[in-house]
S.K.: 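Pasting a structure here, questions to come.
All chains are named by letter (A, B, ...) in the order of the sequence lines, taking the proteins before the strands, and each is independently numbered beginning at 1.
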Number of protein chains: 2
Amino acid sequence: MKPTREVLLDALETLLLDGGSSAATLEAVAAAAGVSKGGLLYHFGSKEALYQGFLDRLLVESKAEADGTLAAPEGVVAAYLDVSSVAEDPSTRSVLAALRLAGVQEVDVEAALVESFEYWYEVISRRVTDPVLARLVQLVGDGLYLHALIGTATREQDDEVVARVVALVAEHERDAA
Amino acid sequence: MKPTREVLLDALETLLLDGGSSAATLEAVAAAAGVSKGGLLYHFGSKEALYQGFLDRLLVESKAEADGTLAAPEGVVAAYLDVSSVAEDPSTRSVLAALRLAGVQEVDVEAALVESFEYWYEVISRRVTDPVLARLVQLVGDGLYLHALIGTATREQDDEVVARVVALVAEHERDAA
DNA sequence: GTCTATAATCGGATAGAC
DNA sequence: GTCTATCCGATTATAGAC
């Protein structure tokens, strides 16, 4: 069975996605995780500690996901763009939840997201030698994140965009060789 | 002198950008605008009304901004990507503030942002005939929005990306002719 | 490790004076 | 059109039992 700490962080994530930061009260998180407020406060001594725990887990997860794409058969570019556009992907869920948390005073959400995005950029750069093209790939992916955040998915069309970007990268790498 | 309503909405915007939705309490907004809580509640009868007023203004502003780019000498594509990447642009500030508001229960922030993004897409489409390419332009711009939101601006490099995208569009339009 | 009860504070909203 | 005073509910956090 999952440790209570993880269950609490899962509950926080779901509440953030459903109702934003104001919905993620200690009582609501505790209830969603099936424990009492006191039970939550045993694991995370304050709201700040809870939020920080969530950001720490986010970084571990997203770096692991980024590393994983290096071995992906479809390539890093397609893998990143795919991850970014699937709102149900566990790693994407965490990022979207963190975006909903952006701006709160308790923790530095932006710093955590910056670290995650920079890590992704480095991973992309290992397969896309032209830095401008690597940045373009990242920006398209992050645009997909933003659209996932507000729920505007134009799935079929976005698949075509992804294919176009992948082709663009392949073409450029061929020219460089 | 600016009407109090506008001053209040400006104050809300700044507070959202600085401290997220939880920092934008009625009292804080009123204080930042230089009026009392009671004074604010005369203009906006509830927090919901205040938020809705902000979203209404956002839509008017961003549609006007989109229309304006149709006459921009550098072209719609460059203009959109430029607007998206300059966090100080008034219209961009509104969008970034709205993103910080995403997920609150009082109003449908997502719907307003969707409407704004769709309007931009239509404007872009008037100059970029290939729908896949138009969507790509939009996604790059929205990626820039997201990076402006978390404060990762790589200005010089992003300018190069913008130039690359503009060239891509120009090339495609030439081929189509 | 988890619970209940409670303290202390804060936020949204109303009423009525000026 | 703006202010002060006040009420009420919600939220964070503590204390201490089990």
S.K.: Rounded to whole angstrom units, what separation is found between the OH atom of B/Y42 and the P atom of C/dA13?
M.R.: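 Interatomic distance, OH of B/Y42 to P of C/dA13: 18 Å.
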S.K.: Is the shortest distance from a Lys or Arg side-chain nitrogen in B/R127 or B/E173 to a carboxylate oxygen in the other one below 4.0 Å?
M.R.: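 No, no charged N to carboxylate O under 4.0 Å.
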S.K.: Looking across every strand, which nucleic acid part, if any, lies under 4.0 Å from B/T25 by heavy atom: base, sugar-phosphate, or nothing?
M.R.: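 Result for B/T25 = sugar-phosphate.
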S.K.: If you look at every strand shown and take non-hydrogen atoms under 4.0 Å, does A/L26 touch a base, only sugar-phosphate, or nothing?
M.R.: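 Since only primed, P, OP1 and OP2 atoms lie under 4.0 Å of A/L26, the category is sugar-phosphate.
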S.K.: For B/L50 and C/dG11, give me the distance from atom CG to atom P, rounded to whole Å.
M.R.: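 Nearest whole value for this atom pair: 15 Å.
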S.K.: Can you tell whether the side chains of A/R155 and A/D82 come within less than 4.0 Å, N to carboxylate O?
M.R.: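 Salt bridge between A/R155 and A/D82, a charged N being under 4.0 Å from a carboxylate O: yes.
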S.K.: I need the single residue from A/I150, A/L149, A/L146 that forms a side chain to side chain contact (heavy atoms under 4.5 Å, CB included) with A/L96. Which is it?
M.R.: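 Answer after filtering A/I150, A/L149, A/L146: A/L149.
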S.K.: Would you mind telling me which residue lines up with the more 5' stretch of DNA chain D, A/S22 or A/G45, judged by nearest nucleotide?
M.R.: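 Looking at DNA chain D, the more 5' nearest nucleotide goes with A/S22.
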S.K.: What I want to check is whether an N or O donor and acceptor connect the side chain of B/K47 with the base of C/dG11 at under 3.5 Å.
M.R.: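 Under the 3.5 Å cut-off, the side chain and the base do not form any donor-acceptor pair.
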S.K.: If the threshold is 4.0 Å, N to carboxylate O, is there a salt bridge linking A/E6 and A/R57?
M.R.: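 A salt bridge links A/E6 with A/R57.
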S.K.: Does anyone know the first and last nucleotide of DNA chain D in reach of chain A, 5' to 3', at under 4.0 angstrom to a heavy atom?
M.R.: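 So the contact region on DNA chain D extends D/dT11 to D/dT14.
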S.K.: Between B/E65 and B/R93 (salt bridge meaning N to carboxylate O under 4.0 Å), is one present in this structure?
M.R.: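 Not counted as a salt bridge, because no side-chain N and carboxylate O are separated by less than 4.0 Å.
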S.K.: Without decimals, in angstroms, what is the distance between B/L41 CG and C/dT14 P?
M.R.: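 Checked: the CG to P distance equals 8 Å.
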S.K.: Does B/G103 offer a backbone N or O that forms a donor-acceptor pair with the side chain of B/E110 under 3.5 Å?
M.R.: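 Looks like yes, one N/O pair under 3.5 Å.
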S.K.: Write down the distance between CZ (B/F44) and P (C/dG12), rounded to a whole number of angstrom.
M.R.: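 From B/F44 CZ to C/dG12 P: 15 Å.
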S.K.: Rounded to whole angstroms, how far apart are NZ on B/K37 and C1' on C/dG11?
M.R.: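 One finds 6 Å between C1' of C/dG11 and NZ of B/K37, rounded.
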